[in-house]
Number of protein chains: 2
Amino acid sequence: MRVISKSGEYGLRALLHMASNQENEGFFNIREMSEELDISFHFLTKILQVLTQKGILQSYRGPNGGVGFLKSPEEITLSELVRALEGDDFFDKCLLGLPGCGERQPCPMHAYWMGIRNNLKSEFETTSLADLGKNTRLQHLRLIA
Amino acid sequence: MRVISKSGEYGLRALLHMASNQENEGFFNIREMSEELDISFHFLTKILQVLTQKGILQSYRGPNGGVGFLKSPEEITLSELVRALEGDDFFDKCLLGLPGCGERQPCPMHAYWMGIRNNLKSEFETTSLADLGKNTRLQHLRLIA
DNA sequence: AATATTTAAGAGTATTTTGTCTTTTATAAA
DNA sequence: TTTATAAAAGACAAAATACTCTTAAATATT
Ligand code: SF4
Ligand code: SF4
């Protein structure tokens with residue numbers, strides 16, 4: 001049950017890293033981040049590119065360039081991040097994946113799943129990137145091979 | 001957020017179909033099922049093979065052969081089905097996918113996610129295949145193109 | 001202006017998942 | 001015992017996802 005895709009995970013790890021080191025620097029060098037987080041540089045670049053395109057990050061090319069937040073991590077919700085990283089329909093899917101989800105003819109899991117889903121949704125909407133990083137230690141973000 | 005993989009979904013749809021037509025026949029012809037459920041015959045065969053290997057179904061080759069339940073749908077839990085179809089670690093994954101999930105250094109989502117996960121787990125353990133089929137209509141299982 | 005640095009963009013490769021096709025094995029019936 | 005039927009098994013193909021490499025564009029420094 002991989003709720004978040006690999007690229008989504010990488011994106012979150014990078015953002016979490018940025019949020020927890022925000023006091024030090026304004027722009028983050030992607031190469032450095034990729035090394036510290038043990039994520040392929042080019043792959044991470046791609047992922048951060050979409051976050052830039054979606055208006056969550058800003059980027060700067062050239063010497064001392066990098067990516068930085070447009071809003072503060074306190075104002076970025078986990079909800080908008082997974083929507084950006086996993087697609088806008090992230091919270092619309094069925095648990096079992098059965099097609100034609102129906103309020104009309106729901107299976108016995110339907111009400112239960114809708115409950116969990118709405119719960120998840122509101123939890124994600126009220127959790128900020130800053131919240132997420134609060135108790136997170138760096139070793140948690142790195143691969144513990 | 002595809003919680004259940006495509007092949008897992010196909011497996012569930014087939015089992016649901018069998019459970020809701022159980023009174024009629026003992027063994028189900030895979031070809032017929034694949035046509036009724038609009039699932040590739042060979043792909044479905046593969047999926048049902050693993051269910052047979054895992055001891056959830058029994059199969060019979062030759063004329064009038066097919067697959068049938070070993071236990072009654074009332075005795076088959078959704079939990080054992082997703083474990084068979086999606087892997088035994090289905091209920092062990094992290095929400096965000098971050099590696100090295102830690103009770104020691106949990107992120108703020110950890111306790112929340114553990115709650116949902118255990119909830120899901122016990123719900124899946126107490127929901128039988130028969131339960132699942134109760135309000136399910138056939139058109140729900142078919143593709144509503 | 002020339003050069004170095006760094007992200008953007010896009011092509012290309014690898015792996016996994018999904019789906020197809022062919023051959024083999026088991027069973028029933030003629 | 002021969003033939004037909006249906007699942008098992010395995011090779012193969014397509015699509016999606018994950019990852020790599022090359023080139024282009026932007027910016028800073030000299
Ligand atoms: S009714 Fe059940 S199977 Fe259908 S969409 Fe809702 S939860 Fe999924
Ligand atoms: S602490 Fe958070 S990120 Fe880590 S495994 Fe638990 S839920 Fe996932």
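Note that the structure is a prediction, hence the values are computed from the model and not measured. Below, chain A is the first sequence line, B the second, and so on; all start at residue 1.
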Practice prompt. Determine yes or no for a side-chain-to-main-chain donor-acceptor pair under 3.5 angstrom, with A:E86 supplying the side chain and A:I4 the backbone.
Written response: no
Practice prompt. Grab the CD1-P distance between A:I30 and D:dA26 for me, whole Å please.
Written response: 16 Å
Worksheet item: Once you round it to whole Å, what is the distance between P of C:dA8 and CZ of A:R61?
Response: 6 Å
Discussion item. Check this for me: does the side-chain of B:H42 come within 3.5 Å of the base of C:dC21 through a donor and an acceptor?
Written reply: yes
Worksheet item: Of the candidate nucleotides C:dT27, C:dA9, C:dT18, which contains the atom at the shortest distance from the side chain of B:S7?
Response: C:dT18
Worksheet item: Short question: side chain of B:R83, backbone of B:F90 - any donor-acceptor pair under 3.5 Å?
Response: no
Practice prompt. Tell me which of A:Y10 and A:N64 sits closer to the 5' end of DNA chain D, going by the nucleotide each one is nearest to.
Written response: A:Y10
Worksheet item: Nearest to the side chain of B:F43 - C:dA8, C:dT18, D:dA7?
Response: C:dT18
Worksheet entry | Length of the line joining A:I4:CD1 and D:dA18:P, which is rounded to integer Å | 12 Å
Worksheet item: Taking atom P of C:dT20 as reference, at what distance in whole Å does atom CD1 of B:I47 sit?
Response: 11 Å
Response to the item:
Regarding the side chain of A:S5, the nearest nucleotide among D:dA18, D:dA11, D:dT20 is D:dA18
Item to complete: To the nearest Å, give me how far apart CG (B:L37) and P (C:dG19) are.
Response: 14 Å
Discussion item. For a side-chain contact (heavy atoms from CB on, under 4.5 Å) check, start with the C-alpha distance between A:L129 and A:L16, then their side-chain angles and the critical distance, and finish with the verdict.
Written reply: CA-CA 7 Å; A:L129 181 56; A:L16 237 18; 3.6 Å; yes
Worksheet entry | Residues B:E125, B:K121: salt bridge by 4.0 Å N-O rule | no
Worksheet item: Picking from C:dT7, C:dA28, D:dA9, which would you name as closest to the side chain of B:Q49?
Response: D:dA9
Worksheet, complete the sentence: When B:P63 and B:L48 are each assigned the nearest nucleotide of DNA chain D, the 5'-most assignment goes to B:P63
